[in-house]
Amino acid sequence: MKMRTLWVAALVLLLALMLASCGGGGQGGGGGSQTTAGKEATTAHTHNKTTTAHKKAPPADVMSYSNLSRNHTKEPVDYPQSPPVGGPHNPIWQNCGFYSKPVRNEHAVHSMEHGAVWITYSPDLPKDQVAKIKSLTQKSYVLASPYPGLPAPVVASAWGKQLRLKSTNGPRLEQFVSTYSQGPQNPEPGAPCTGGVGSPE
């Protein structure tokens, strides 16, 4: 009788140990799921990085300029590029946003020093393309204005960078904005693009 009781007790103990072991395995399985989820999150995070990097990739045919003066002047400046991509500029920057009338080069150059992209467009650009440019100025650090005598219907400029386009069709204008608005070429990251001169529409 005592032997049978011992066997039953041993069996109950063994069963209890097995159940505990299975529970631990279940938790381990849960841990495995968490690890997988962690891997998925890491993969998603890596993918997001890749996507962001892809968005930041510059478009083809961007021209680069270096050794640009950052001196302040209240005098008109004769810039070597039209529109300019940097150089001496007015102490007051142009407020970012959309303008239907030309703005002064010297103010716009100061905005580019602060990290703005300046989109200039031919005054006779079709209205639907002008509307697309205007929509891009909803992003911070984008300035747009008409510019008589442009070398192309649309020219996007940032400090030391410029892209000439036949139209706003295609992804290149948006790629330029994504890459160079507050981009790595920016001499004064975080400097304001508001509180200067001009009232954007």
What pairs of residues pass the side chain to side chain donor-acceptor pair (under 3.5 Å) test when at least one of them lies in residues 189-201, not counting sequence neighbours?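 For residues 189-201: Ser100-Glu201.
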
Mark yes or no for whether [X], through its side chain, and [Y], through its backbone, hold a donor-acceptor pair below 3.5 Å.
X      : Y      : answer
Lys132 : Thr168 : yes
Tyr79  : Pro88  : yes
Gln162 : Val85  : no
Glu113 : Pro187 : no
Ser181 : Ser178 : no

Does any pair with a residue in residues 138-157 pass ring-ring contact (aromatic ring centres under 6.0 Å, His included), and if so which ones, sequence neighbours excluded?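 Found Trp118-Tyr147.
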
Strictly by ring-ring contact (aromatic ring centres under 6.0 Å, His included), give each pair with a member in residues 161-183 just once, sequence neighbours left out.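 Checked against ring-ring contact (aromatic ring centres under 6.0 Å, His included) - neighbours excluded - the pairs reaching residues 161-183 are Phe176-Tyr180.
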
Keeping to residues at least two apart or across chains, list the disulfide bond (SG atoms under 2.5 Å apart) pairs with something in residues 144-201.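 Those involving residues 144-201 are Cys96-Cys193.
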
Going by the disulfide bond (SG atoms under 2.5 Å apart) test, which pairs reach into residues 138-172, not counting sequence neighbours? none

List in chain and number order the residues that pass ring pair (Phe, Tyr, Trp, His ring centres under 6.0 Å) with His114, two or more places apart in sequence or in another chain; answer none if no residue qualifies.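 Counting only residues at least two positions away or on another chain, His114 forms a ring pair (Phe, Tyr, Trp, His ring centres under 6.0 Å) with Trp93, His110.
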
By ring pair (Phe, Tyr, Trp, His ring centres under 6.0 Å), Tyr99 pairs with (sequence neighbours left out) none

What distance do [X] atom [atom1] and [Y] atom [atom2] have between them, rounded to the nearest 0.5 Å?
X      : Y      : atom1 : atom2 : answer
Ile119 : Thr137 : CD1   : OG1   : 7.5 Å
Trp159 : Asn186 : CH2   : CG    : 9.5 Å
Thr179 : Glu174 : OG1   : CD    : 11.5 Å

Same cluster for [X] and [Y] if Ile/Leu/Val/Met/Phe/Trp/Tyr side chains link at under 4.5 Å?
X      : Y      : value
Val177 : Val103 : no
Val142 : Leu165 : yes
Val155 : Phe98  : no
Tyr121 : Leu163 : yes
Leu150 : Leu136 : no

Residues 58-66 side chain polar contacts: donor-acceptor under 3.5 Å, at least two apart:
| unit_1 | atom_1 | unit_2 | atom_2 | d |
| --- | --- | --- | --- | --- |
| Asp61 | OD2 | Arg172 | NH2 | 3.4 |
| Ser64 | OG | Lys161 | NZ | 2.8 |

Which heavy-atom pair separates [X] from [Y] by the least distance, and what is that distance?
X      : Y      : result
Thr73  : Pro91  : O-CD, 3.5 Å
Pro200 : Asn95  : CD-CB, 4.2 Å
Val77  : Glu106 : N-OE2, 2.8 Å

Which residues, ordered by chain and number, are linked to Ile92 in its hydrophobic cluster, where ILVMFWY side chains connect at heavy-atom gaps below 4.5 Å, directly or through other members? Val197

Non-neighbouring partners of Pro148 that pass side-chain contact (heavy atoms from CB on, under 4.5 Å), sequence neighbours left out: Pro102, Pro123

Kindly indicate whether the side chain of Leu125, heavy atoms from C-beta on, has any atom under 4.5 Å from the side chain of Val154.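 A side-chain contact under 4.5 Å exists here.
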
Report yes if some heavy atom in the side chain of Ser145 is under 4.5 Å from a heavy atom in the side chain of Thr120; otherwise report no.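 Of all side-chain heavy-atom pairs linking Thr120 with Ser145, at least one is under 4.5 Å.
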
Checking Arg164 now: which residues fulfil salt bridge (Lys or Arg N to Asp or Glu O under 4.0 Å) with it, not counting sequence neighbours?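 Listed in chain order: nothing, the list is empty.
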
Just to verify, what does Asp124 make a salt bridge (Lys or Arg N to Asp or Glu O under 4.0 Å) with, not counting sequence neighbours?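 Counting only residues at least two positions away or on another chain, Asp124 forms no salt bridge (Lys or Arg N to Asp or Glu O under 4.0 Å).
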
Determine whether Arg70 and Glu188 satisfy the following criterion, salt bridge (charged side-chain N to carboxylate O under 4.0 Å, His left out), listing intermediate values before the conclusion. CA-CA 11 Å; Arg70 293 173 55 199; Glu188 294 185 10; 3.0 Å; yes

Can Asn90 and Val109 be said to form a side-chain contact (heavy atoms from CB on, under 4.5 Å), step by step? CA-CA 8 Å; Asn90 194 278; Val109 169; over 6 Å; no

Less than 6.0 angstrom separating the ring centers of His72 and His89, yes or no? yes

Is it the case that over 12 heavy atoms from other parts of the model lie below 6.0 angstrom from the CG atom of Asp128? yes

